There are 2 protein chains.
Amino acid sequence: MISQTAEYALRAMVYLAQEPDRPHTNQQIARITRVPMGYLAKVLQSLSKAGLITSRRGLGGGFTLAKPAEEITVYEVVQAVDPIPRITSCPLKLKAHREKLCPLHQRLDNAWELVEQSFRSTTLSDIIAEAGEDGVLCEE
Amino acid sequence: MISQTAEYALRAMVYLAQEPDRPHTNQQIARITRVPMGYLAKVLQSLSKAGLITSRRGLGGGFTLAKPAEEITVYEVVQAVDPIPRITSCPLKLKAHREKLCPLHQRLDNAWELVEQSFRSTTLSDIIAEAGEDGVLCEE
DNA sequence: AGCAAACTGGATAAAAATATCTTATTATCC
DNA sequence: GGATAATAAGATATTTTTATCCAGTTTGCT
């Protein structure tokens, strides 16, 4: 339902949210979240361009949340790497459906709306808070 | 959110549901629903194997709903071609999460559950009824 | 019987998503 | 300033999804 890429992005963000004070390197994040390192680099780029994280090069550098975990929603993360494809116009390009979607696509889009709402109302800190002491992604 | 394949399957099923009394050929369905003919054939095979439609070969043959439109849900159609990947075990394969998903994956799965419920509670006849006279997919 | 319509199944091709690798650029520390 | 750690970016490879094509089989019709 969401892409592998979005799953990776969420893992990385949750991890960063757990220790937001110091930068974490691509390598660290990859190891903990078990995401292929080379690919994670791309995902982190996307998140960076979307303004959700900041990066610092050089020794001691890495990635850090760009704003507090309370202010970052699951929705923002997913949107940054692999947006939810809301249905705004008829996929069959029927003229008759330009104004109003047919019941089929209307109902599909309603389902996506549910997901979107769910994602919008969940912040990274919600997730961390729920985890308690263990940490969300087992840090071995 | 759902695959192209699932979208095609739904279009085909809605079309069949609109005229359930006579068989419709792959070619007919493809033209109306604007699905590539060769690919539609595969999709129809899947739907047939799932028991949602029946097929008849030879002249005058084609595909027909296997049961009344009132008894076929969107969920069944999607499941037949491209199941919703509910999260039942930790995607990171962490031992600590075998019993209980971490909050991240728990919340993702909750969203899928919403979608699943929405799909389960919608039948093909619901969709057709909502369309009124026009027909769901413009029959040109 | 013979022909044409229609599904069936397998092989193949094209496109998109996912993943890897390599080279550059930037920053820090000594 | 040089060595090293780290991101940035582009090229390439692999896998999955989507799509096409073709030969085979069944069915109905005359």
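Since this is a predicted model, take the numbers as computed values, not measurements. Chain letters run A, B, ... following the sequence lines, proteins first, then strands; residues in each count from 1.
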> How close or far is atom P of D:dT27 from atom CZ of B:F63, stated in whole angstroms?
Replying inline: 14 Å
>> Tell me whether the side-chain N/O atoms of B:S55 come closer than 4.0 Å to OP1 or OP2 in C:dT8.
In response: yes
> Across the strands shown, which category fits B:Q45 at heavy-atom distances under 4.0 angstrom: base, sugar-phosphate, nothing?
Replying inline: sugar-phosphate
>> Are B:W112 and B:D109 packed together at the side-chain level, in the sense that at least one heavy-atom pair is separated by less than 4.5 angstrom?
In response: yes
>> Enumerate the salt bridge (Lys or Arg N to Asp or Glu O under 4.0 Å) contacts for residues 60-74 of chain A, please, sequence neighbours excluded, ordered by first and then second residue.
In response: A:K67-A:E76
> Will you find, in the side chains of B:Y39 and B:T5, an N or O donor that is under 3.5 Å from an N or O acceptor?
Replying inline: yes
> C:dA5 P sits how many Å from B:Q27 CD, rounded?
Replying inline: 10 Å
> Is there a side-chain contact between B:M13 and B:I53 (heavy atoms, below 4.5 Å)?
Replying inline: yes
> For A:D82, which residues count as a salt bridge (Lys or Arg N to Asp or Glu O under 4.0 Å) partner, sequence neighbours excluded?
Replying inline: none
> Should side-chain heavy atoms under 4.5 Å link Ile, Leu, Val, Met, Phe, Trp and Tyr, which residues sit in the same cluster as A:L114?
Replying inline: B:L114
> Can you check the B:R22 CZ to C:dA6 C1' distance for me, whole Å?
Replying inline: 15 Å
>> If I take atom CD1 in residue B:I53 and atom P in nucleotide C:dA6, what distance separates them, rounded to the nearest angstrom?
In response: 16 Å
> Can you check whether A:E19's main-chain N or O pairs, donor with acceptor, with A:H24's side chain at less than 3.5 Å?
Replying inline: yes
> When you look for runs of 3 or more Watson-Crick or G-U pairs in a row, both distances below 3.5 Å, which of them include DNA chain D?
Replying inline: C:1-30 with D:1-30
> If the sugar-phosphate is the primed atoms plus P, OP1 and OP2 and the base is the rest, what is the B/S/- string for nucleotides 17-30 of chain C, using protein heavy atoms under 4.0 Å?
Replying inline: -SBB----BBBB--
> Reckon A:T25 has a side-chain N or O less than 4.0 Å from the OP1 or OP2 of D:dA5?
Replying inline: no
>> Going by side chain to side chain donor-acceptor pair (under 3.5 Å), name the residues that satisfy it together with B:T123, two or more places apart in sequence or in a different chain.
In response: B:S125, B:D126
